[in-house]
Engineer: 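Below you'll find the structure I mean.
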Amino acid sequence: MSNIEQTLSIIKPDAVERNLEGEIKEMFKSNGFQILKEKKIQIEKSEAEKFYKVHETKPFYNDLCEYLSSGPIVVMVLQKENAVKGNRELMGATNPKDAEEGTIRKKYGISIDKNSVHGSDSVDNAKIEIDFFFKPEYKNRFDQISYEYRKKRRTHFKEKEAAQKANSERKKAIIEEIKNHIDKNQNILFWW
Ligand code: IDP
Ligand code: MG
């Protein structure tokens, strides 16, 4: 009997920062997962604290929440037969050092805290976590953050464009200087 499930996956800041979003999504797709929903957002630390509440007594809780809110993340609803277990297998062990060959964390994880992906650990938690990010009532919360993220990104690209323009003008000036220098030196050589 088929047992189609949905699970929540997050591409964490370390992977988004290294532009691994496309490659990781490809790994999900080639392993038979459908990406039903996805969005790129940046969350506040207070939201990360709610999301990781189960870990609130752990010594790494504060760093973990700081980290999850430190940059853009991609949250996705994945669907497949036995998706929860299948996703955990594809992710690999929490510590990339212990993860098996061919898993996402083995391939992309940097360390136990920067381990590139999150995945729900049970069917019940998958429902709770999917609601956390995708429940229509909560939509505005993350839309606001997405909007902030888009604004930051626009500013980033504008600054990059301005820096590129300044750079190309600097290059032109250097080329001009070199040309002048060569012209002068040719004259010197000519007279020599
Ligand atoms: P999981 O992500 O494999 O489900 P959890 O035990 O639920 O692992 O822990 C949540 C996240 O907290 C992990 O993905 C990892 O980033 C971080 N974490 C877990 N254990 C440690 C630790 O011992 N030191 C630092 N960070 C940890
Ligand atoms: Mg977990």
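Read the numbers this way: they start at 1 and go in the same order the structure lists the ligands and their atoms.
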Engineer: Is any N or O atom of Thr94, backbone or side chain, closer than 3.5 Å to an N or O atom of ligand 1?
Structural biologist: yes

Engineer: Parallel, tilted or perpendicular for Tyr52 and His118, by the 30°/60° rule?
Structural biologist: perpendicular

Engineer: Report yes if the side chains of Gln34 and Lys80 come closer than 4.5 Å at any heavy-atom pair, otherwise no.
Structural biologist: no

Engineer: Could you list the atoms of ligand 1 found under 4.0 angstrom from a heavy atom of Arg88?
Structural biologist: 1 (P), 3 (O), 4 (O)

Engineer: Just heavy atoms, cut-off under 4.0 Å: does Lys58 contact ligand 1 by side chain, backbone, both, or neither?
Structural biologist: neither

Engineer: State whether the shortest distance between N or O atoms of Val117 and N or O atoms of ligand 1 falls below 3.5 angstrom.
Structural biologist: no

Engineer: Could you check if a side-chain atom of Thr94 sits within less than 4.5 angstrom of a side-chain atom of Arg105, using non-hydrogen atoms only?
Structural biologist: yes

Engineer: Below 4.0 angstrom from a heavy atom of Arg105, which ligand 1 atoms are there? Numbered from 1 as shown, please.
Structural biologist: 1 (P), 2 (O), 3 (O), 14 (O)

Engineer: Tell me: protein heavy atom nearest atom 25 (C) of ligand 1, and distance?
Structural biologist: Phe60 CB, 3.6 Å

Engineer: Taking all atoms of both residues into account, what is the closest heavy-atom pair of Ser120 and Ala126, and its distance?
Structural biologist: OG-CA, 3.4 Å

Engineer: Would you mind listing which atoms of ligand 1 come within a distance below 4.0 Å of any non-hydrogen atom of Asp113?
Structural biologist: 16 (O)

Engineer: Indicate the atoms forming the closest heavy-atom contact of Glu5 with Val84, along with that distance.
Structural biologist: OE1-N, 3.0 Å

Engineer: Which of these, Arg18, Lys114, Glu23, sits in a side chain to side chain donor-acceptor pair (under 3.5 Å) with Tyr108?
Structural biologist: Glu23

Engineer: Could a heavy atom of Lys12 be found less than 4.0 Å from some atom of ligand 1?
Structural biologist: yes

Engineer: Determine, for Lys172 against Glu176, whether the closest basic-nitrogen to carboxylate-oxygen distance falls under 4.0 angstrom.
Structural biologist: no

Engineer: I'd like to check Ile73 versus Ile41 (side-chain heavy atoms, cut-off strictly below 4.5 Å). Are they in contact?
Structural biologist: yes

Engineer: Which of the numbered atoms in ligand 1 are below 4.0 angstrom from a heavy atom of His55?
Structural biologist: 5 (P), 6 (O), 7 (O), 9 (O), 10 (C)

Engineer: From atom 15 (C) of ligand 1, work out which of Ile112, Asp121, Asn125 has a heavy atom at the shortest distance.
Structural biologist: Ile112

Engineer: Can you name the atoms of ligand 1, numbered from 1 with element, that are less than 4.0 Å from a heavy atom of Asn115?
Structural biologist: 13 (C), 14 (O), 15 (C), 16 (O)

Engineer: Could you see which bit of Leu64 sits under 4.0 Å from ligand 1, with heavy atoms only: side chain, backbone, both or neither?
Structural biologist: side chain

